[in-house]
Amino acid sequence: MNQKTIRAELEDYLKKNYITINQFAEVSGVNSGTLSSFINGNRSISIPKLDHITEGMGLKEGTFYDLYVDECFTHPSLNWRRLRPLLYRCAELDKLDCIGRLLEMMTNNLSYTPLLFDIAEDLFKQGQRAAAALLYERVAESEKYQHSERLALCQYRLFILALCKDHAKNLRAALRFEGFVGRLDEMDQLDAMKDLANTYLTLHMWDKMDKVAKRMERLANIHYKYRYEQSRKEEFHKDPTMPLFAYILYAHILCSSVCVERGDYDLGLQYVSLYSDMSWVREDTEESHRLMNQCKMWAKANSYLIRLMKGEIEVLPEYVAYIEQYEEEILLALFMILQIANRNQFNVDDILLRFEHQIPEFKARQGEEGRYTPLVIEDRYAHFMAELTLYYMNRGEYEKGMKYMLAGLESALKINSKICIIRYVGLFEQFRYAASLESQIIYKNLICNVQNNNLAVSNLLIMESDSDNYTYS
């Protein structure tokens with residue numbers, strides 16, 4: 001039996017359709033001499049010409065790529081001139097298996113490592129995430145004993161690419177990456193620590209978030225002094241993605257959040273004062289002013305919030321009136337107001353009624369980019385629904401409370417938040433007596449999904465100790 005080849009496929013196509021080489025040259029746009037030499041085995045074909053041939057035959061893009069790999073890359077010395085465009089086209093067409101085969105052929109040749117890294121960076125910038133991840137993995141494997149900055153950057157990219165709606169996967173990605181942060185270029189370190197801290201924020205791992213935030217503050221302060229306060233200012237070969245001052249202020253914001261979670265409200269207010277004072281900031285760009293205004297808004301809102309947490313309920317109307325001006329802050333505000341109301345057993349019906357029309361919008365907004373990442377919004381929404389459930393259940397509005405409970409549990413399952421799932425399981429068991437038969441069936445089906453996703457009840461119970469990191473009523 002003759003081995004299947006691109007040449008044989010093309011020749012067979014021409015014979016079956018009674019098409020001459022000259023006629024096919026007109027259809028495909030490939031020179032007839034090139035086609036003739038290719039069919040006769042006298043020359044190979046480039047990726048652009050192969051794409052034209054494939055299109056001329058009326059076939060799907062990339063149909064012959066697997067055969068192309070077999071025919072052109074079987075010998076030890078790979079032709080990079082042909083390999084590079086094939087990698088880009090496979091990434092564009094999402095032919096990941098083909099990329100995997102090519103990378104497997106390159107396993108023992110370290111000279112390709114920097115070239116693959118450059119392509120991975122291009123694909124990362126272009127949004128070809130899956131293909132970029134394959135190349136980063138290959139480069140990281142090649143350099144795992146080198147302790148290089150390139151290895152650390154690969155691990156950083158893989159961390160970003162691994163982040164998803166699943167909290168368990170995000171935790172594994174964060175723990176895998178954490179040890180590589182210090183090997184990055186110091187400007188990249190700032191962005192890496194910001195991204196790592198944000199991940200620990202969504203996981204409610206306050207101690208880890210606190211440590212990363214303080215490391216980020218120290219590093220940003222050092223570079224800020226070098227850049228703006230030394231008599232001999234330092235020139236940097238690259239800049240982080242935000243102005244330097246923003247990393248200092250953001251570290252203070254994160255630390256204030258940790259203080260609130262720990263119940264240290266006075267220290268939390270001290271941190272708020274740090275990111276409300278920007279008299280020292282030297283940057284004077286449009287982006288800098290936007291970030292400073294944002295921090296001022298957060299500082300005022302969070303000062304109200306911490307005073308509320310301290311028991312100064314009289315500031316609640318001012319807080320609500322202020323936060324109503326900032327749509328992206330309303331979800332957090334309502335969540336914290338409900339948490340305080342549940343803890344102190346007071347009525348906030350008027351506030352909920354005021355924002356009732358916006359509650360369904362919170363879920364719809366989960367995939368949008370804004371001041372908060374989609375991961376933060378999704379996590380915040382799941383916890384907000386739990387507080388809303390408890391509020392209505394405590395007030396005897398069981399039907400409404402059960403509706404929010406089931407919707408919230410579904411959201412918690414989608415992001416695989418074990419802390420949040422445990423919360424909903426506890427709430428349902430506490431108020432099972434108020435659940436209708438229909439609600440019990442829906443709940444049972446949702447819990448079956450927990451088990452199907454390898455989150456067995458035994459695992460949930462093991463995680464209960466982690467729930468101490470979160471404030472429950």
Side-chain angles (χ1 to χ4, degrees), residues 159-160 162-178 195-210 212 254 257-258 260-261 331-332 334-336 338-339 342 359 362-368 372-391 393 401-430 442-473:
F159 164 62
I160 295 299
L163 293 178
C164 61
K165 292 184 177 182
D166 190 316
H167 280 210
K169 291 179 180 178
N170 292 344
L171 175 58
R172 287 195 294 272
L175 294 177
R176 177 185 177 185
F177 169 59
E178 195 176 54
D195 293 331
L196 195 57
N198 282 337
T199 303
Y200 286 137
L201 170 65
T202 63
L203 296 170
H204 303 271
M205 300 182 73
W206 309 117
D207 289 344
K208 281 189 170 292
M209 187 182 85
D210 191 45
V212 174
L254 294 174
S257 299
V258 173
V260 170
E261 291 299 329
L331 175 57
L332 173 62
L334 288 181
F335 166 61
M336 300 305 294
L338 281 168
Q339 196 175 68
N342 288 333
I359 292 176
F362 296 146
K363 185 174 183 180
R365 203 178 295 140
Q366 288 178 26
E368 296 178 5
Y372 301 104
T373 67
L375 296 179
V376 171
I377 296 173
E378 289 163 357
D379 174 75
R380 187 172 289 169
Y381 175 79
H383 284 284
F384 162 73
M385 294 292 277
E387 291 296 338
L388 197 58
T389 295
L390 183 61
Y391 178 78
M393 288 300 193
M402 193 60 63
K403 179 186 75 172
Y404 287 126
M405 180 191 296
L406 295 173
L409 175 58
E410 185 176 8
S411 292
L413 288 168
K414 285 180 179 177
I415 62 174
N416 196 4
S417 172
K418 294 182 180 180
I419 293 174
C420 210
I421 293 168
I422 292 168
R423 178 87 191 278
Y424 281 108
V425 170
L427 283 170
F428 189 86
E429 294 306 322
Q430 181 181 352
I442 294 172
Y443 174 77
K444 183 178 178 181
N445 289 336
L446 289 171
I447 291 302
C448 285
N449 288 335
V450 175
Q451 295 170 329
N452 292 337
N453 289 327
N454 297 317
L455 289 173
V457 174
S458 58
N459 291 333
L460 292 175
L461 294 176
I462 290 171
M463 290 296 295
E464 277 189 346
S465 59
D466 292 341
S467 65
D468 293 337
N469 292 328
Y470 198 75
T471 306
Y472 292 152
S473 300

For Y404 and E387: C-alpha separation, side-chain torsions, deciding distance, then whether side-chain hydrogen bond (donor to acceptor under 3.5 Å, both in side chains) applies. CA-CA 9 Å; Y404 287 126; E387 291 296 338; over 6 Å; no

Using a strict cut-off of less than 4.0 Å between a Lys/Arg side-chain nitrogen and an Asp/Glu carboxylate oxygen, indicate whether E378 and K414 qualify as a salt bridge. no

In terms of the angle between their ring planes, are Y381 and F384 parallel, tilted or perpendicular, with boundaries placed at 30° and 60°? tilted

Here the gap from I415 atom CD1 to I377 atom CD1, rounded to the nearest 0.5 Å, amounts to 12.0 Å

Measure the CD1-CG distance between I422 and L427 for me, rounded to the nearest 0.5 Å. 12.0 Å

With rounding to the nearest 0.5 Å, note down the distance linking OG in S411 to CG in L406. 11.0 Å

Any donor-acceptor pair under 3.5 Å linking the side chain of N170 with the backbone of L203? no

Mark yes or no for whether D379, through its side chain, and L375, through its backbone, hold a donor-acceptor pair below 3.5 Å. no

When you measure from the side chain of Y424 to the backbone of A382, do you find a donor-acceptor pair of N or O atoms at a distance under 3.5 Å? yes

Side chains of M405 and Y443: closer than 4.5 Å at any heavy-atom pair? no

Please report the interatomic distance CG(L388) to CG(N342), rounded to the nearest 0.5 Å. 9.0 Å

Minimal heavy-atom distance between N416 and A168, with the atoms involved, is ND2-CB, 3.5 Å

Once rounded to the nearest 0.5 Å, what's the spacing between atom CZ of R176 and atom CG of L171? 13.5 Å

Spacing of M209 atom CE and E261 atom CD [to the nearest 0.5 Å]: 8.0 Å

Judged by atom type as modelled, is there a donor-acceptor pair below 3.5 Å linking the side chain of T199 to the main-chain atoms of D195? yes

Under a 4.5 Å cut-off applied to non-hydrogen side-chain atoms, are D210 and L254 in contact? no

Do K208 and E178 make a side-chain contact, defined as non-hydrogen atoms from C-beta onward lying under 4.5 Å apart? yes

Quickly, which of H204, R423, Q339 forms a side chain to side chain donor-acceptor pair (under 3.5 Å) with H383? Name it, please. H204

